[in-house]
Amino acid sequence: MFRSLRIRNYRMFAAGGAVSNVGTWLQRTAQDWLVLDLTNGSAAALGTATALQFLPMLLFGMFGGVLADRYPKRPILVAAQSLMAMLALTIGVLTMTGSAQVWHVYVMAFLLGMISCVEVPTRQAFVVEMVGRRDLPNAIALNSSIFNLARVVGPALAGVLIYVLGGTGPIFLVNALTFGAVISSLVFMRASELNPAEPVPRAKGQLREGLRYVVRREELLLPVLLIGFVSMFSQSFSMSIALMAREVFKAGASSFGLASSMFAVGALGGALLAARRAKLTNKVLFAGAIGFGAFQILTGLAPFYPVYLLLLVPTGVALITVNTAANASVQLATSAAMRGRVMGIYMLVFTGGAPLGAPLVGWLSELGGPRLGVMLSGVLVLVGTGLAVVVTRLISRRVSGPTLAMA
């Protein structure tokens with residue numbers, strides 16, 4: 001389960017990421033709560049903030065993948081993490097001084113999204129340079145475990161700190177400090193133990209080349225399309241948790257943090273189960289997608305808060321299962337020279353669906369209540385899973401059947 005940790009560079013990266021991820025989840029929880037405070041509980045405003053954070057990936061995500069292929073990945077990651085720390089510091093100071101307005105949160109969310117356009121595909125493609133192809137699925141699963149362990153600790157801790165400290169401002173400042181851990185891990189890695197991909201020279205048509213590469217390979221196209229449909233509603237699920245906790249069950253900040261942590265407990269369990277698997281197959285991929293849709297519907301039907309909390313655990317297991325299986329499948333089926341661009345496309349559909357899904361969920365929640373928004377999200381995930389298969393087959397036949405068969 002933990003075999004990738006025997007590699008020193010990955011150990012450092014994982015340790016720094018663990019600290020930084022806790023800070024990230026502190027900030028995500030504080031950001032949602034700050035928007036609700038500034039707008040008197042507006043679901044539409046919360047959906048707008050979520051959408052703005054993921055909109056840049058939809059617009060520019062593939063260009064970030066091109067940069068990841070052209071330049072050394074470690075310096076890009078150090079610069080991106082430093083810029084994110086500065087944004088957290090800025091919004092923290094604004095909030096602490098009582099100057100924060102909702103448009104400040106919108107701007108911060110959009111700028112974070114812009115930086116993520118480059119940072120996310122670069123970070124995803126950097127993992128194989130630390131651990132190699134053999135341990136790549138395990139490292140991806142462990143990254144998910146670390147991310148979701150932080151998801152367990154971060155929201156619950158944020159809820160307590162918001163209550164104890166009397167506001168969200170200190171949370172942003174703490175997150176700014178946590179970036180130092182991941183930046184240090186990148187700076188002090190042993191370059192001689194990395195296996196960097198040869199930078200791809202600048203040339204015309206590299207973005208189109210990446211798109212053709214994905215479209216002509218069914219083993220890439222299917223997980224990319226599937227994760228695109230699923231992530232339209234998975235990326236906004238933390239928003240749904242906030243709405244359900246606050247508007248349906250009338251929970252306070254600390255109870256909202258508990259709900260986010262219960263979901264993360266399931267996600268952590270799903271990630272650890274994935275780390276034990278030698279191979280992540282399409283059966284695992286589809287089981288996760290169908291399970292996530294079904295359990296979303298059940299959470300929307302939960303009659304009491306304790307039942308809702310319990311249902312969040314298998315929902316988290318299902319979501320992380322489909323996410324991990326899709327990521328590993330795509331990276332293993334991609335050549336080193338194309339990995340940055342392919343991961344740029346993957347992350348575009350993974351996070352780029354949120355600008356569509358988040359406002360839709362927010363609108364449905366205001367129209368018919370949070371329960372309706374959550375249940376319809378689950379239905380649409382199930383429909384999207386079927387559409388991914390149909391669209392993949394149609395494109396495969398249209399492009400070239402024999403080529404796909406050989407791939």
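Model, not experiment: these values are computed from the prediction.
The minimum heavy-atom distance linking Met244 with Gly300 is given by the pair CE-CA, 4.4 Å. For the pair Ala302 and Phe249, the tightest heavy-atom approach, listed with the atom from each and the gap, is O-CZ, 3.8 Å. Heavy atoms only, all atoms of each residue included: Gly64 and Pro121 are closest at C-CG, 4.0 Å. What you find for Thr324 and Ile140 is that their closest heavy atoms are CG2-CG2, 4.2 Å. The two residues Gly373 and Ser377 make their nearest non-hydrogen contact at O-OG, 2.8 Å. Cys117 and Pro56 make their closest contact through SG-O, 3.1 Å (heavy atoms, listed as atom of the first residue, atom of the second, distance).
Using a 4.5 Å cut-off on side-chain heavy atoms (C-beta onward), Val22 and Thr178 make no contact. Side-chain contact check for Ile91 versus His104: some heavy-atom pair is nearer than 4.5 Å. No side-chain heavy atom of Phe229 sits under 4.5 Å from any side-chain heavy atom of Val381. A 4.5 Å side-chain heavy-atom check between Ser82 and Ile183 finds at least one atom pair inside the cut-off. Counting heavy atoms from C-beta outward, Ser329 and Glu219 have side chains that stay 4.5 Å or more apart. By the 4.5 Å heavy-atom criterion applied to side chains, Tyr213 and Thr334 are counted as neighbours. Between Leu194 and Met130 there is a side-chain heavy-atom pair separated by less than 4.5 Å. Annotation: side chain of Leu382 is in contact with side chain of Ile297 (closest heavy-atom distance under 4.5 Å).
Every residue meeting the side-chain contact (heavy atoms from CB on, under 4.5 Å) condition with Ala30, not counting sequence neighbours, appears here in chain and number order: Thr168, Ile171, Phe172. Applying the side-chain contact (heavy atoms from CB on, under 4.5 Å) criterion to Asn195, with sequence neighbours excluded, gives no partner residue. For Ser192, there are no side chain to side chain donor-acceptor pair (under 3.5 Å) partners two or more places apart in sequence or in a different chain. Partners of Arg212 by side chain to side chain donor-acceptor pair (under 3.5 Å), not counting sequence neighbours: none found. The side chain to side chain donor-acceptor pair (under 3.5 Å) check on Thr97 picks up Ser99, with sequence neighbours excluded. A search for side-chain contact (heavy atoms from CB on, under 4.5 Å) contacts involving Leu225 returns Leu221, Ala388, Val391, Thr392, not counting sequence neighbours. With sequence neighbours left out, the side-chain contact (heavy atoms from CB on, under 4.5 Å) criterion links Ala176 to Ala88, Leu89.
Panel note: side chain Asn327, backbone Asn323; no donor-acceptor pair is recorded below 3.5 Å. At least one donor-acceptor pair under 3.5 Å links the side chain of Gln331 to the backbone N or O of Gln124. No donor-acceptor distance shorter than 3.5 angstrom exists from the side chain of Lys73 to the backbone of Ala125, with no hydrogens or angles considered. A donor-acceptor pair is defined here as one N or O able to donate and one able to accept, closer than 3.5 Å; such a pair exists between the side chain of Thr39 and the backbone of Val35. Here the side chain of Ser231 pairs a donor or acceptor atom with the backbone of Gly228 at under 3.5 angstrom. When atom types are taken as modelled, the side chain of Asn138 and the backbone of Ser4 share a donor-acceptor pair closer than 3.5 angstrom.
For residues 180-193, the set of pairs meeting the salt bridge (Lys or Arg N to Asp or Glu O under 4.0 Å) definition, not counting sequence neighbours, comprises Arg190-Glu193. Counting only residues at least two apart or in different chains, salt bridge (Lys or Arg N to Asp or Glu O under 4.0 Å) contacts with residues 82-100 are absent. Pairs of residues two or more places apart, or lying in two chains, that qualify as salt bridge (Lys or Arg N to Asp or Glu O under 4.0 Å) and include a residue from residues 93-122 are Glu119-Arg123. Within the structure, every pair that satisfies the salt bridge (Lys or Arg N to Asp or Glu O under 4.0 Å) test and touches residues 326-343, not counting sequence neighbours, is listed here: Asp69-Arg341, Glu209-Arg341.
With values rounded to the nearest 0.5 angstrom, Gln296 atom CD is found 12.0 Å from Leu301 atom CG. Between the CG atom of Leu77 and the OG1 atom of Thr122 there is a distance of 5.5 Å, given to the nearest 0.5 Å. Here the OG-CD distance, from Ser185 to Gln81, works out to 8.5 Å after rounding to the nearest 0.5 Å. Atom CE of Met347 is separated from atom OG of Ser116 by 8.5 Å, given to the nearest 0.5 angstrom. Here the straight-line distance linking atom CG of Leu222 with atom CZ of Arg217 works out to 15.5 Å at 0.5 Å rounding. One distance of note links OG1 of Thr385 with CG of Leu226; it measures 5.0 Å at 0.5 Å rounding.
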Checklist entry - Can you check side-chain contact (heavy atoms from CB on, under 4.5 Å) on Val248 and Arg371, steps first, answer last? => result CA-CA 8 Å; Val248 175; Arg371 288 186 184 276; 3.6 Å; yes

Checklist entry - Do Asp32 and Leu46 pass the side-chain contact (heavy atoms from CB on, under 4.5 Å) test, and can you show the C-alpha distance, the side-chain angles, and the key distance before you say yes or no? => result CA-CA 7 Å; Asp32 288 349; Leu46 190 55; 3.5 Å; yes

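Other residues, nucleotides and ligands contribute over 12 non-hydrogen atoms within 6.0 Å of the CZ atom of Arg8.
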I'd like a table of donor-acceptor pairs (distance under 3.5 Å, sequence neighbours excluded) in which one partner is a side-chain atom from residues 307-320, with atom names and distances.
from, atom 1, to, atom 2, distance (Å)
Thr315, OG1, Leu311, O, 2.7

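Tyr10 and Asn143 are linked by a side-chain donor-acceptor pair at a separation below 3.5 angstrom, with hydrogens and angles left out of the test.
A cation-pi arrangement is absent between Arg11 and Phe13, since the terminal nitrogen or guanidinium carbon is not both under 6.0 Å from the aromatic centre and inside a 45° cone about the axis.
In this pair, Phe60 and Phe63 present their aromatic rings tilted. The plane angle is within the 30 to 60° band.
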